[in-house]
Amino acid sequence: MQPSPAIKASKLARRFTYLSTYGGGGGGGTTPVANRRAAEQSCLASLGLCDAVPKLVQAHARIIKCGLGSNPLVLTKFASVSSDLDAVDLACSFVFAPDADARLYDAFLFNTVVRACAQSKRREALGFYRLMLRSGISPNKFTYPFVLKACAGIGDLRLGRAVHCSVVKFGFDEDVHVQNTMVHMYSCCGGGGIEFARKVFDGMTKLDSVSWSAMIGGYVRLGESGDAIALFRKMQIAGVKPDEITMVLVLSACADLGALELGRWVESYVVRENVRKTVELCNALIDMFAKCGDVDSALRLFRSMSNKTIVSWTSVIGGLAVHGRGMEAVSLFDEMMAAGVVPDDVAFIGLLSACSHSGLVEKGRDYFSLMTKRFGIKPKIEHYGCLVDLLCRAGLIQKAIEFVEKMPLEPNPVIWRTLINACRAHGELKLGEDITKRLIGKEPMHESNYVLLSNIYAKMSHWEKKTKIREVMDTKGMRKIPGSTLIELENEIYEFVAGDKSHDQYKEIYEMLDEMGREIKKAGYLPSTSEVLLDINEEDKEDALNRHSEKLAIAFALLRTPPGTSIRIVKNLRVCEDCHSATKFISRIYDREIVVRDRNRFHHFKDGICSCGDFW
DNA sequence: GTAGGGTTAG
């Protein structure tokens with residue numbers, strides 16, 4: 001014989017311990033009907049007021065006392081007011097107690113529980129959904145949005161497809177809420193989920209702003225920001241008015257691409273079209289400004305906000321950090337604490353990275369201990385990473401190595417690469433070589449490790465060894481990620497790769513490049529040919545250096561923008577030593593501020609100086 | 001009682 005749904009449910013809820021803790025699990029059941037109804041009313045009323053665990057526990061005790069333990073109305077209410085994680089545990093353990101009357105379960109009850117689990121990202125959501133089906137309760141139109149949301153949290157494509165089949169089976173595949181969540185669910189699944197999302201999206205007859213946002217959000221999550229923006233343009237052509245959530249997503253794509261002009265357009269659109277300026281939208285604007293190189297606008301917006309969350313503070317502190325404005329970041333952090341906002345682990349990552357990018361060694365150490373001692377935050381690998389970087393940038397390589405050896409967490413490749421890069425920059429070449437070789441042993445298919453080793457050999461002038469690395473990579477079938485640079489001009493985004501000749505104006509760009517080369521040489525620039533990247537023909541190093549994507553983008557910008565205006569470019573990898581040095585000269589000779597965002601941080605070049613202080 | 005969203009070391 002099959003166990004009853006209540007028994008199955010209680011098994012499902014067995015992880016939830018509150019029931020036994022608080023001595024619940026059944027009621028007297030002897031209350032007369034009139035009293036019972038009064039009790040039910042009063043319990044419902046009291047439940048309506050609470051959502052925190054202590055209050056729920058109180059309410060729970062009252063319900064048990066009144067013998068209402070199996071009343072679905074009370075059960076459902078109980079589950080639906082439970083908003084935090086512990087409260088969901090409590091509600092589930094109560095609703096699915098072994099003695100609960102499973103005959104009283106209905107779709108509403110299951111929907112409520114599935115929603116609660118999905119919202120708190122618990123896999124049990126799917127368990128409860130399956131139980132619902134096994135108990136013979138048919139899903140209603142509210143069920144699938146909750147179930148699909150739970151699937152989105154899990155991100156498993158096979159599971160998603162199975163649920164999709166059920167959606168079709170029960171005939172909810174025409175419901176726009178279900179379709180929208182389906183797009184979202186698929187776009188959260190790896191392994192080509194985005195294509196399934198697009199299929200659902202393309203098959204929809206009616207697309208509202210939620211549908212567009214769900215699809216745009218999918219591209220943003222994948223890092224396909226160009227596709228996200230292209231889709232946003234289609235949305236406008238389709239005449240669907242974007243709302244604040246669409247704008248958050250578009251801003252996130254702008255931040256990724258460094259598309260400042262488009263980001264600024266979003267800000268003006270929000271004002272012009274009266275889009276709700278929520279905290280989340282403001283936070284997205286702050287992040288966009290900071291990541292597009294205009295950290296002052298990020299600060300201005302931050303100052304204008306009346307409601308700030310920890311995310312607002314963290315975004316602006318992190319923004320200052322990557323721009324090398326460490327002291328300002330530190331004082332904002334202090335201001336935040338003075339304002340009574342309790343920093344979390346993410347806020348400390350921003351702060352510690354600010355200290356390291358600005359060489360504030362002592363401050364960084366102090367804040368690290370403040371984090372653990374006063375705020376009781378257990379440092380994650382990222383925090384240790386910041387501290388290693390902090391020591392490395394200050395040239396304290398030995399101290400950094402000691403720190404790594406004493407760390408309670410296993411150092412990850414990021415930390416090793418931080419050390420290796422510092423070894424290269426501070427001339428500890430033998431040590432760098434040893435660490436890199438060990439790292440390659442652990443991560444033999446990670447191409448950037450080989451590039452690091454190759455750069456070290458170049459610095460040591462070990463040319464044969466350097467060539468050998470190229471061969472090793474070839475035999476392993478590895479390719480170096482090509483460097484590319486983005487630049488936004490007149491609302492268009494242009495991309496350059498090394499030696500690029502695909503642009504319409506390429507002849508003029510190369511003439512400009514030659515002129516730039518002549519001018520900076522006259523001013524004393526010496527090409528640092530030792531850094532020529534791995535996949536470039538060795539025979540003409542200087543020429544190869546001259547064709548790096550960032551130089552092409554700068555030449556293009558000099559041609560196309562008025563004298564005296566700033567130039568902003570975004571590079572996908574770290575800027576190489578030669579380009580860094582050349583850009584300093586260019587900023588002086590052409591009297592331009594050049595803002596370069598690379599993989600890790602911003603470089604502001606002005607009057608021949610870079611804000612990074614030549615360590616990056 | 002339904003869907004889409006913001007910060008995270010190098």
Side-chain angles (χ1 to χ4, degrees), chain A residues 76-77 79-81 107-112 114-116 118 139-149 152 172 175-185 187-188 197 208-218 220-221 242-252 255 278-288 290-291 309-319 321-322 344-357 379-390 392-393 412-422 448 452 574 598-601 616:
Chain A
T76 311
K77 183 79 180 170
S80 70
V81 296
F108 194 121
L109 173 76
F110 277 103
N111 289 352
T112 309
V114 171
R115 180 185 63 176
N140 64 19
K141 67 168 181 168
F142 297 108
T143 308
Y144 280 106
F146 299 141
V147 173
L148 290 165
K149 190 174 177 174
F172 291 111
D175 182 303
V176 70
H177 286 107
V178 174
Q179 290 173 327
N180 287 342
T181 329
M182 192 102 76
V183 171
H184 175 239
M185 179 278 290
S187 78
C188 289
D208 59 16
S209 70
V210 180
S211 334
W212 287 97
S213 301
M215 196 63 233
I216 292 170
V220 171
R221 257 190 307 281
D243 60 16
E244 75 274 12
I245 293 184
T246 323
M247 292 337 256
V248 165
L249 292 163
V250 173
L251 285 169
S252 169
T278 56
V279 189
E280 289 84 354
L281 180 57
C282 292
N283 293 346
L285 278 166
I286 291 177
D287 185 51
M288 178 279 295
K291 291 207 175 113
T309 63
I310 180 76
V311 177
S312 326
W313 290 93
T314 305
S315 303
V316 77
I317 289 169
V322 287
D344 61 7
D345 56 333
V346 185
F348 272 104
I349 292 174
L351 174 73
L352 292 172
S353 116
C355 293
S356 91
H357 283 293
K380 296 197 294 189
I381 194 78
E382 289 92 338
H383 298 103
Y384 288 107
C386 287
L387 235 66
V388 173
D389 189 53
L390 182 81
C392 285
R393 275 178 208 279
N412 63 7
V414 177
I415 292 195
W416 292 124
R417 281 193 281 272
T418 304
L419 280 172
I420 293 164
N421 187 48
S448 78
L452 280 171
R574 289 156 43 115
D598 75 5
R599 187 102 244 184
N600 296 345
R601 61 166 296 150
W616 71 97

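All chains are named by letter (A, B, ...) in the order of the sequence lines, taking the proteins before the strands, and each is independently numbered beginning at 1.
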Would you indicate whether the side-chain heavy atoms of [Y] and [X] approach each other to under 4.5 Å?
{"X": "A:S211", "Y": "A:V183", "result": "no"}
{"X": "A:V210", "Y": "A:V176", "result": "no"}
{"X": "A:P139", "Y": "A:Y144", "result": "yes"}

Whole-Å gap separating [atom2] ([N]) and [atom1] ([X]):
{"X": "A:D389", "N": "B:dG10", "atom1": "CG", "atom2": "C1'", "result": "6 Å"}
{"X": "A:R601", "N": "B:dT8", "atom1": "CZ", "atom2": "P", "result": "16 Å"}
{"X": "A:D175", "N": "B:dG4", "atom1": "CG", "atom2": "P", "result": "14 Å"}
{"X": "A:Y384", "N": "B:dG10", "atom1": "OH", "atom2": "C1'", "result": "18 Å"}
{"X": "A:Y144", "N": "B:dG4", "atom1": "OH", "atom2": "C1'", "result": "21 Å"}
{"X": "A:M182", "N": "B:dG4", "atom1": "CE", "atom2": "C1'", "result": "15 Å"}
{"X": "A:L419", "N": "B:dG10", "atom1": "CG", "atom2": "C1'", "result": "11 Å"}
{"X": "A:W313", "N": "B:dG6", "atom1": "CH2", "atom2": "C1'", "result": "17 Å"}

Which nucleotide, [options], lies nearest any side-chain atom of [X]?
{"X": "A:R393", "options": "B:dT2, B:dG5, B:dG10", "value": "B:dG10"}
{"X": "A:S315", "options": "B:dT7, B:dG6, B:dA3", "value": "B:dT7"}
{"X": "A:K141", "options": "B:dT2, B:dT8, B:dA3", "value": "B:dT2"}
{"X": "A:V346", "options": "B:dG10, B:dG6, B:dT7", "value": "B:dT7"}
{"X": "A:E382", "options": "B:dG1, B:dA9, B:dG4", "value": "B:dA9"}
{"X": "A:E244", "options": "B:dA3, B:dT7, B:dG5", "value": "B:dG5"}
{"X": "A:K380", "options": "B:dG6, B:dT8, B:dT7", "value": "B:dT8"}

Tell me whether the ring of A:F108 lies stacked over the B:dG1 base, given a 5.5 Å limit on centroids and a 30° limit on the plane angle.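 It does: the ring sits over the base of B:dG1.
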
At 4.0 Å (heavy atoms only), tell me whether [X] reaches a base, stays on the sugar-phosphate, or touches nothing.
{"X": "A:D208", "result": "base"}
{"X": "A:T181", "result": "sugar-phosphate"}
{"X": "A:D243", "result": "base"}
{"X": "A:L249", "result": "sugar-phosphate"}
{"X": "A:D344", "result": "nothing"}
{"X": "A:D287", "result": "sugar-phosphate"}
{"X": "A:T143", "result": "nothing"}
{"X": "A:L285", "result": "nothing"}
{"X": "A:S312", "result": "nothing"}
{"X": "A:S211", "result": "nothing"}
{"X": "A:T314", "result": "base"}

Using only atom types and a distance under 3.5 Å, with no angle test, would you say the side chain of A:N140 pairs donor to acceptor with the backbone of A:T143?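 Yes, because the side chain of A:N140 sits within donor-acceptor range (under 3.5 Å) of the backbone of A:T143.
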
Point-to-point distance, once rounded to the nearest 0.5 Å, from CG of A:D287 to OG of A:S312: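 So the CG of A:D287 and the OG of A:S312 are separated by 11.0 Å.
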
For residues 412-419 of chain A, tabulate all N or O donor-acceptor pairs below 3.5 Å that involve a side-chain atom, not counting sequence neighbours.
unit_1: A:N412; atom_1: OD1; unit_2: A:V414; atom_2: N; d: 3.3
unit_1: A:N412; atom_1: OD1; unit_2: A:I415; atom_2: N; d: 3.1
unit_1: A:R417; atom_1: NH1; unit_2: A:E443; atom_2: OE1; d: 3.0
unit_1: A:R417; atom_1: NH1; unit_2: A:N449; atom_2: OD1; d: 2.7
unit_1: A:T418; atom_1: OG1; unit_2: A:V414; atom_2: O; d: 2.8

Return yes if the base of [N] and the side-chain atoms of [X] contain a donor-acceptor N/O pair under 3.5 Å, otherwise no.
{"X": "A:T418", "N": "B:dG10", "value": "no"}
{"X": "A:N412", "N": "B:dA9", "value": "yes"}
{"X": "A:S353", "N": "B:dG10", "value": "no"}
{"X": "A:T246", "N": "B:dG5", "value": "no"}

Ring pair (Phe, Tyr, Trp, His ring centres under 6.0 Å) with A:F146: which residues, sequence neighbours excluded?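 Residues passing ring pair (Phe, Tyr, Trp, His ring centres under 6.0 Å) with A:F146: none at all.
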
Does [X] place a side-chain N or O at less than 4.0 Å from the phosphate oxygens OP1/OP2 of [N]?
{"X": "A:H357", "N": "B:dA9", "result": "no"}
{"X": "A:R221", "N": "B:dG5", "result": "yes"}
{"X": "A:K291", "N": "B:dT8", "result": "yes"}
{"X": "A:H184", "N": "B:dG5", "result": "yes"}

